[in-house]
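Below is one structure; the comments refer to it alone.
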Amino acid sequence: MKKFTENVLKIVKKIPVGSVLTYAEVAKEAGNRNAARAVGNILNKNFNPKIPCHRVIRSDGKLGGYNRGAKMKKSLLISEGINII
DNA sequence: CATTTGACGCCAA
DNA sequence: TTTGGCGCCAAAT
């Protein structure tokens, strides 16, 4: 019952369409400022169809990864009108 | 239980 | 500015 993990999933699930959050932001909101890495790990191993994990990107402006493929993630972001740096 | 892995982030050179 | 290295955390093996 890791609060952090639960929070991460909940936060990502609450991301509105057309919006994106960075792993660092999610981690910070979840309660751990330096757990950006853990956030990615959680999403990767605990993929849920209800969670738009493709809306979580890196702080560098890069997309990061995606369990369904980086291309898929990129396509999804573009489809939602998110401009990629 | 200890070690390794992994969708990251920041600092120093 | 770009690259390399280190730190950080949670889950899997």
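Every chain is numbered from 1 and lettered A, B, ... according to where its sequence line falls, protein lines coming before strand lines. These values consider heavy atoms only, across backbone and side chains, with no hydrogens, waters or symmetry-generated copies.
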Self-check item: Co-members of A:Tyr66 in a cluster of I, L, V, M, F, W and Y side chains, linked at under 4.5 Å
Solution: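 Listed partners: A:Phe47, A:Met72, A:Leu76.
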
Self-check item: Earlier contact from the 5' end, DNA chain C, for A:Asn46 and A:Ala35
Solution: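 It is A:Ala35, whose closest nucleotide lies nearer the 5' terminus.
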
Quiz item: How far apart are the closest heavy atoms of A:Pro52 and A:Ile15, and which atoms are they?
Solution: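 So the minimum-distance heavy-atom pair works out to CG-O, 4.5 Å.
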
Self-check item: Any residue of residues 76-85 of chain A with a heavy atom less than 4.0 Å from an atom of DNA chain B
Solution: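 Those residues: none at all.
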
Quiz item: If you measure from the Lys or Arg side-chain nitrogens to the Asp or Glu carboxylate oxygens, is any gap between A:Asp60 and A:Arg58 under 4.0 Å?
Solution: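 Salt bridge between A:Asp60 and A:Arg58, a charged N being under 4.0 Å from a carboxylate O: yes.
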
Quiz item: How would nucleotides 1-13 of chain B be written as a contact map, 5' to 3', with B for base contact, S for sugar-phosphate-only contact and - for no contact, using protein heavy atoms under 4.0 Å?
Solution: -----BBBS----

Quiz item: Any side-chain heavy atom of A:Asn83 sitting closer than 4.5 Å to one from A:Ile78?
Solution: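 The answer is no; the side chains never approach within 4.5 Å.
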
Quiz item: Quick one: are A:Ile57 and A:Ile82 in side-chain contact, heavy atoms under 4.5 Å?
Solution: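 Not in contact.
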
Quiz item: Which residue pairs pass the side-chain hydrogen bond (donor to acceptor under 3.5 Å, both in side chains) test when at least one of the two sits in residues 40-57 of chain A, sequence neighbours left out?
Solution: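 Checked against side-chain hydrogen bond (donor to acceptor under 3.5 Å, both in side chains) - neighbours excluded - the pairs reaching residues 40-57 of chain A are A:Asn41-A:Lys45, A:His54-A:Glu80, A:Arg55-A:Glu80.
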
Exercise. Searching all strands shown, indicate the nucleotide that pairs with C:dT3 (Watson-Crick or G-U wobble; both distances under 3.5 Å).
Key: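 Here C:dT3 is engaged in a pair, and the nucleotide opposite it is B:dA12.
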
Quiz item: Counting only Watson-Crick or G-U wobble pairs whose two distances fall under 3.5 Å, which nucleotide matches C:dA11?
Solution: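 Pair assignment: C:dA11 / B:dT4.
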
Quiz item: Can you pull the contact range of chain A along DNA chain C, 5' to 3', using atoms under 4.0 angstrom from its heavy atoms?
Solution: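 Answer, 5' to 3': C:dG7 to C:dA12.
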
At what distance, to the nearest 0.5 angstrom, does [atom1] of [X] lie from [atom2] of [Y]?
X       : Y       : atom1 : atom2 : value
A:Lys13 : A:Lys10 : NZ    : NZ    : 8.0 Å
A:Cys53 : A:Leu21 : SG    : CG    : 13.0 Å
A:Ile51 : A:Leu43 : CD1   : CG    : 7.0 Å

Can I get a per-line list of side-chain donor-acceptor pairs under 3.5 Å for residues 23-38 of chain A, giving both atom names and the distance, sequence neighbours left out?
from    : atom 1 : to      : atom 2 : distance (Å)
A:Tyr23 : OH     : A:Val56 : O      : 3.4
A:Tyr23 : OH     : A:Lys73 : NZ     : 3.4

